[in-house]
Protein chains: 2
Amino acid sequence: MNKSIQLKSNFNEKQIQILEVAETLFAEKGFDGTSIRNIAKVAKINVAMVSYYFGSKERLLESLIVYRTSDLKNQLDNLLQEDLEPIDKINKLIELYINRINSNRGIYRILHFEFTSKKREQNLQAFSELKKGNLKSLETIIEEGQKKGIFRKDVIIPLITPTILGTFFHFHMNKPFFENLLNLKTEDLYNNYIKTNLTKHIQQTIKALLIYES
Amino acid sequence: MNKSIQLKSNFNEKQIQILEVAETLFAEKGFDGTSIRNIAKVAKINVAMVSYYFGSKERLLESLIVYRTSDLKNQLDNLLQEDLEPIDKINKLIELYINRINSNRGIYRILHFEFTSKKREQNLQAFSELKKGNLKSLETIIEEGQKKGIFRKDVIIPLITPTILGTFFHFHMNKPFFENLLNLKTEDLYNNYIKTNLTKHIQQTIKALLIYES
DNA sequence: ATAAAAACTAAACAGTTGTTTGAATTAAAC
DNA sequence: GTTTAATTCAAACAACTGTTTAGTTTTTAT
């Protein structure tokens, strides 16, 4: 059996079954807060299967990241090649980010939570490359807008991603607080608020920051 | 030695010693990732002392939050009463937030990490009240600016805090990435970047979002 | 100096942790 | 149909978890 990290998503059904349960539990209770026995119970498999298929709990996490983040780059490249005004590209990029993170909440929560501490820095490499690529795409769009004289030139481009993603994450990480504050009683209301108001707020913010007013 | 400093909190020296070690370790490795024996070893105390002084590991966390967040409200109230233009108040508020979080990274990292999962919702009450108070202060300032015709009226006020704090957190949570990207080789350079560029970026962003342009 | 209270300790408790083992079952190859 | 390989399993492993206990030392009050 192949216990090494698999770069493409050539996971078999059993592995995917384990990965998806792990995603749910890691997202819910954190990596350290989730035990292999817990995963095994929910996935209805034997405890030994995690070691058998992935080698270790740590490598299960690595595999999960590969499994979930392999196609973001393509989506971004497609966006770049569309024939749109820079500001519309930015708006679409924000929408893409939020949609993607919102419909893959589990893995992004895990990434957000687990990949900050020093102890997982060795696994950070692939994730870091992904982030650099994303930044490059954003940079391309903004420089295009600056050349056209539409965008200001005194913005710090690498800090725009933190504003986009940070706003979303901070909102989402404080879900119970905002559910209560904004009366979003059902999951549907909450999701709808993200899709409309939160997305609009972020777009409005980034636009205000970028657009040059004479 | 200097007992006059701890006028407010009713924790004794030993408790504070434990709390500060716990803060460091919880921030570094998370609540679940830190064991009582680990805390005891670093704090050079017996394992039983945590139970003795705080009752349980969970209650140690609660005490830590009380110990670290008890004086934020006063700082905000003082700011509100200053005689400043709304936009200057906003800028000062952003500076206050960032300074405070930045010099209490440990506890805010813990709050950020531990108080999102459902399982700690019972401890969430006090923290939630603190956040609501903070939002009220921000609201007061913004409404003042709107009355004066300086601020736009179509901004969603509860989403401004996520933009301020989210930007900072996302930057700080991805510290290794940005250290590398922006060549912030020393801790001093990193801190300086936060104090100048990141703070300015956030102020610039919020100003752009708020200021009404005819 | 003596008694009561507080602080501290090593050891034990009962669970849980990630991982490995060796045998049993199933599937694939011949 | 037999052999070989892949999969699954219960059980065991040693290490670690939060907490309690019962006894000792230190501090405080009288």
Side-chain angles (χ1 to χ4, degrees), chain A residues 1-6 10-65 110 113-114 117 119-120 122-123, chain B residues 1 3 6 9-65 67 110 113-115 117 119-120 122-123:
Chain A
M1 184 51 215
N2 182 7
K3 291 193 179 185
S4 64
I5 307 166
Q6 316 191 26
N10 48 356
F11 298 110
N12 63 38
E13 281 180 39
K14 205 102 214 171
Q15 284 177 303
I16 289 175
Q17 178 191 354
I18 297 171
L19 284 170
E20 298 196 337
V21 170
E23 181 178 31
T24 310
L25 295 179
F26 287 165
E28 248 174 43
K29 322 197 289 173
F31 182 77
D32 288 323
T34 306
S35 71
I36 293 188
R37 278 172 183 78
N38 199 339
I39 296 170
K41 199 171 187 178
V42 177
K44 284 167 190 157
I45 49 137
N46 188 277
V47 264
M49 299 314 288
V50 169
S51 294
Y52 178 72
Y53 276 121
F54 299 97
S56 70
K57 191 188 174 188
E58 198 83 23
R59 294 249 290 278
L60 168 64
L61 177 59
E62 291 176 44
S63 298
L64 178 56
I65 290 154
I110 296 164
F113 275 88
E114 305 301 336
S117 64
K119 69 172 171 176
R120 293 203 218 296
Q122 72 269 29
N123 318 16
Chain B
M1 223 185 246
K3 290 192 180 180
Q6 18 170 323
S9 53
N10 43 1
F11 298 111
N12 63 38
E13 283 182 37
K14 204 100 216 171
Q15 285 177 300
I16 288 175
Q17 177 191 353
I18 297 170
L19 284 171
E20 297 194 337
V21 170
E23 181 179 31
T24 311
L25 295 179
F26 287 166
E28 250 175 44
K29 322 197 290 173
F31 182 78
D32 288 323
T34 305
S35 72
I36 292 187
R37 279 171 181 81
N38 200 339
I39 296 169
K41 199 172 188 179
V42 177
K44 284 166 189 158
I45 50 137
N46 189 277
V47 265
M49 299 314 288
V50 169
S51 293
Y52 179 72
Y53 276 122
F54 299 97
S56 70
K57 190 188 174 188
E58 198 83 25
R59 294 247 291 277
L60 169 63
L61 176 59
E62 291 176 43
S63 298
L64 179 56
I65 289 155
Y67 175 59
I110 296 163
F113 275 98
E114 305 302 335
F115 278 72
S117 64
K119 69 172 171 177
R120 292 202 219 297
Q122 74 267 30
N123 316 17

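Just so it is clear, the values below take in all heavy atoms, side chains as well, and ignore hydrogens, waters and symmetry mates. Just so it is clear: chains get the letters A, B, ... in the order the sequence lines come, proteins before strands, and each one is counted from 1.
- Rounded to an integer number of Å, the gap from CD of A/Glu13 to P of D/dA6 is 19 Å.
- At C/dC8, one or more side-chain N or O atoms of B/Tyr53 fall inside 4.0 Å of OP1 or OP2 (strictly under the cut-off).
- If you measure from atom NZ of A/Lys44 to atom C1' of D/dC9, you get 18 Å, rounded to the nearest angstrom.
- Here the NZ atom belonging to A/Lys57 is positioned 6.5 Å from the OG1 atom belonging to A/Thr34, to the nearest 0.5 angstrom.
- If you take OG on A/Ser51 and CG on A/Asn46, they are separated by 10.0 Å, rounding to the nearest 0.5 Å.
- Residues A/Tyr52 and A/Ile45 are not in side-chain contact: their nearest non-hydrogen atoms beyond the backbone lie 4.5 Å or more apart.
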Identify all pairs in which a protein N or O lies below 3.5 Å from an N or O of nucleotides 15-19 of chain C, and state each distance.
| from | atom 1 | to | atom 2 | distance (Å) |
| --- | --- | --- | --- | --- |
| C/dT17 | OP1 | A/Ser35 | OG | 3.3 |
| C/dG18 | OP1 | A/Thr34 | O | 3.4 |
| C/dG18 | OP1 | A/Lys57 | NZ | 2.8 |
| C/dG18 | OP2 | A/Ile36 | N | 2.9 |
| C/dG18 | N7 | A/Arg37 | NH1 | 2.7 |
| C/dG18 | O6 | A/Arg37 | NH2 | 2.7 |
| C/dT19 | OP2 | A/Lys57 | N | 2.9 |
| C/dT19 | O4 | A/Arg37 | NH2 | 3.4 |

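- As a whole-Å value, the separation of A/Ile45 CD1 from D/dT8 P is 9 Å.
- Within the structure, the salt bridge (charged side-chain N to carboxylate O under 4.0 Å, His left out) test picks out the following pairs touching residues 14-25 of chain A (sequence neighbours left out): A/Glu20-A/Arg68, A/Glu23-A/Arg68.
- The nearest whole Å value for the distance from the CE atom in B/Met49 to the C1' atom in C/dA10 is 13 Å.
- Following rounding to the nearest Å, A/Phe54 (CZ) and D/dT7 (C1') show an atom-to-atom distance of 14 Å.
- Annotation for A/Ala22 and A/Ile39: closest pair CB-CD1, 4.2 Å, computed over non-hydrogen atoms.
- Taking both residues in full, the closest heavy atoms of A/Phe54 and A/Ser63 are given as CD2-OG, 3.5 Å, listed atom of the first, atom of the second, then distance.
- Phosphate contact (OP1/OP2 of D/dT7, side-chain N/O of A/Tyr52, threshold under 4.0 Å): present.
- What separates CG of B/Leu60 from P of D/dG18 is a distance of 11 Å, to the nearest Å.
- In this structure, CG of B/Asn46 is placed 15 Å from P of D/dT25, rounded to the nearest angstrom.
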